[in-house]
Amino acid sequence: MHSQTTTLETEVELARAYLDLMQMRMPDRLQYAIHLDPAAARLHCPPMTLLTLVENAVRHGIDPSETGGRIDVDIWIRDDRCVMRVKDTGVGLKSVTRGLGTGLSTLRERLKLAFGANAHFALTETAPRGVCAEVSMPRREAGS
Amino acid sequence: VNVTALIADDEPLLREALVRMLASAWPELEIVAQARNGREAIDQFETHRPNICFLDVQMPGRSGVEAAQHIGRRAHLVFVTAYDEYAVQAFAQGALDYLVKPVEPARLAETVLRLQERLRAAQPALDTEVLLQQLARVLNPDSRRRHCAGCVPRWAPR
């Protein structure tokens with residue numbers, strides 16, 4: 001986690017471990033699925049990118065919701081870019097609690113450090129409820 | 001007379017752990033209801049009218065504090081929380097005690113003793129105002145300043 005770069009494969013492992021743990025905490029309130037395009041597995045990614053998005057979805061989307069929800073993680077390649085999307089069906093952006101912001105602004109900084117202006121991050125509300133976080137970054141092989 | 005209790009926690013593993021620990025610390029206590037959030041705790045309280053409520057502070061939807069406000073002095077309240085700064089609020093709601101997660105068996109045994117004493121003495125649930133005054137004295141022995149929520153030491157009432 002202290003290294004400058006990691007692969008998407010490692011990021012997914014980390015996110016899966018975290019989500020497994022969260023599912024132990026709230027087995028009746030959290031479902032999740034992760035889909036990683038095998039072609040993207042070895043691509044470069046700033047450390048903690050996916051974990052930050054997933055943790056955000058749990059803490060601010062699922063955790064405050066009585067009924068919980070699901071989290072869908074998709075990572076794929078689109079042209080010369082890699083897209084990472086974390087969608088949740090939690091309470092949405094309205095009920096933002098204190099603390100939101102630090103994780104995501106740090107994420108923005110890490111993306112900027114790694115890719116300059118060439119990485120994008122967007123957070124949108126989805127219908128009927130929930131949030132979709134999407135990161136798009138240049139396709140870069142790990143180590144290059 | 002059977003003593004009854006309700007346990008409210010959004011994490012099933014922690015509910016089960018508390019049930020297990022209570023079964024060993026207080027075998028006669030009957031857990032009549034379990035709730036996953038504040039709303040369920042209120043519903044279950046009205047249905048079962050337990051003598052004691054163990055309330056997790058942070059739960060989705062309505063919190064343990066909101067449930068406590070609803071229950072008021074109709075039951076002995078014990079807050080269970082991962083954050084001890086909630087202590088002030090807990091006592092403001094008239095809680096008999098609060099437990100910090102992870103709950104230690106020895107600490108739970110103290111809580112059980114305290115509850116048994118109160119039940120034996122047929123004392124009603126604690127009064128809010130007196131507790132707040134006690135708490136203020138502990139926090140600020142030299143002044144009459146009101147407490148602040150962020151500066152509460154880990155402390156349990158005697």
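Within every chain, numbering begins at 1; the chains are lettered A, B, ... in the order of the sequence lines, protein sequences first and strands thereafter. In what follows, every heavy atom counts, from backbone to side chain, and hydrogens, waters and symmetry copies are set aside.
No single ILVMFWY cluster, assembled from side-chain heavy atoms under 4.5 Å apart, contains both B:Met59 and B:Leu99. Tracing side-chain contacts under 4.5 Å through hydrophobic residues (I, L, V, M, F, W, Y), one reaches B:Ile31 starting from B:Leu119; they form part of the same cluster.
How far CD of B:Glu40 is from CD of A:Glu66: 7.0 Å, rounded to the nearest 0.5 Å. Rounded to the nearest 0.5 Å, atoms CZ (A:Arg25) and CG (B:Leu14) are 8.5 Å apart. For the atom pair OG (A:Ser65) and CG (B:Asn37), the distance works out to 9.5 Å, reported to the nearest 0.5 Å.
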Next item on the list: Given side chain to side chain contact (heavy atoms under 4.5 Å, CB included), test A:Met24 with B:Leu13 step by step and report yes or no.
Entry: CA-CA 8 Å; A:Met24 286 171 73; B:Leu13 286 175; 4.2 Å; yes
Please tabulate, one pair per line, all N/O donor-acceptor pairs under 3.5 Å involving side-chain atoms of residues 117-128 of chain A, not counting sequence neighbours.
residue  : atom : partner  : partner atom : Å
A:Asn118 : OD1  : A:Arg81  : NH1          : 3.2
A:Thr124 : OG1  : A:Cys132 : O            : 3.4
A:Glu125 : OE2  : A:Leu93  : N            : 3.0
A:Thr126 : OG1  : A:Gly130 : O            : 3.3

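The salt bridge (Lys or Arg N to Asp or Glu O under 4.0 Å) search around A:Asp28 returns B:Arg36, not counting sequence neighbours.
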